[in-house]
Amino acid sequence: MDLKQLNAFIAIADLQSFSAAAKTTGLSQPSLSRLLKQLETNIGVVLIDRYHRPLQLTEAGLFFYDKVSALLIELDTVTSMTQRLSAPSIALNIGFVPSVLYGLLPEIIATLKRHSSNQNSDIEVNLKDISSYQQIEALKTGEIDIGFGRFAHQDPWIQQILLRHERYVVALPKAHPLAHVREQRLIDLANNRLILYHQTHLPASTIHMSTTHPTITENNSLKSKHEPVTEPLLHLFAQYGISPFMTTKVSDLQVALGLVAAGEGITLVPASLQTVRTEQISYQRLIHENVTSPIYLHTLKDFIHPKIPDLLSAIYKVYEQRGITYRPQQFI
Ligand code: BEZ
């Protein structure tokens, strides 16, 4: 069995056609057909049922496809990591989700740059706005060297450091009756339209509590009592047994704050967002100490850009200057 045969099999299975696979691989149809036959003969199993159009995987072929495609992706990751080990990039490429840019990221980078220039080794930093989930793929392909996000990811290639938990605040239109109430409770907010903006939902396995009431969404669909609540803001309410009266889902945090400013509803945002649109929005603390949003650092396990330990020191330095509590961690 060799790589050519495996790649031919994956292309035929993906496109369900010899002619389409020939076009994308640049091989002739007879060559593809020969490679597939050799592979099947080597392992003694028919992988593709040639009698159906479009072509179908056999049951064994489906199993083989799942395992082999995962192995080929791993092989790509290993190849790109090996290339980076032999020629590491000079610049530090940082992926981030927008909500951390409004917070301490600019100050952390300034601290890192000051530290580097004190050591007479200037550093070039590139910033890329990229979702938590996509950061994991971008780390593997080498597009970024480090990612900051708000979701935990379990992946054999990735190491994750929990930096801190940031408290949520409630964002209300300035004219809202509760706009001047200092310490707010989630239960008092339940009668409002809650604007949801997260694109990545929590994996169902991390949810320990589900909503105890049916939830009526904007289109009035009724969700089952037993369905776990995976949307992060609804999950926070559900921890207290509360379902907001109505919800509206938007594409990102900026749009959510725009709707709050326009008086369309309320939302919860990490405290560092409190500087946005302050003429139209009132931000107030929540009394619940555990209504927080985590900030994670993700990087590869086997390849750490040489500047990353300095970046972690810069993060902790900023936390100390601002009196933020954290638990220092190290790379493995
Ligand atoms: C923070 O706000 O704690 C933070 C933001 C960006 C990167 C690292 C930490």
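Note that ligands are numbered from 1 as they come in the structure, with each ligand's atoms numbered from 1 the same way.
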Visitor: Starting from the C-alpha separation in whole Å, work towards a yes-or-no answer on side chain to side chain contact (heavy atoms under 4.5 Å, CB included) for Ile90 and Glu124.
Guide: CA-CA 7 Å; Ile90 315 266; Glu124 183 191 333; 5.8 Å; no

Visitor: Kindly indicate whether the side chain of Leu234, heavy atoms from C-beta on, has any atom under 4.5 Å from the side chain of Leu194.
Guide: yes

Visitor: List in chain and number order the residues that pass ring-ring contact (aromatic ring centres under 6.0 Å, His included) with Tyr65, two or more places apart in sequence or in another chain; answer none if no residue qualifies.
Guide: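 Listed in chain order: nothing, the list is empty.
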
Visitor: Would you call the rings of His198 and Tyr168 parallel, tilted or perpendicular if under 30° counts as parallel and over 60° as perpendicular?
Guide: perpendicular

Visitor: So if I only count non-hydrogen atoms and take anything under 4.0 Å from ligand 1, which residues does that give, chain by chain?
Guide: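 Within 4.0 Å of ligand 1, the protein residues are Val100, Leu104, Leu105, Ile108, Phe148, Leu163, Arg164, Ile295, Tyr319.
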
Visitor: Is the distance between the ring centroids of Tyr316 and Tyr326 less than 6.0 Å?
Guide: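 Yes; Tyr326 has its ring centre under 6.0 Å from that of Tyr316.
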
Visitor: Would you compute the distance between atom CD1 of Ile144 and atom CG of Leu92 and round it to the nearest 0.5 angstrom?
Guide: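 Going from CD1 on Ile144 over to CG on Leu92, the span is 10.0 Å.
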
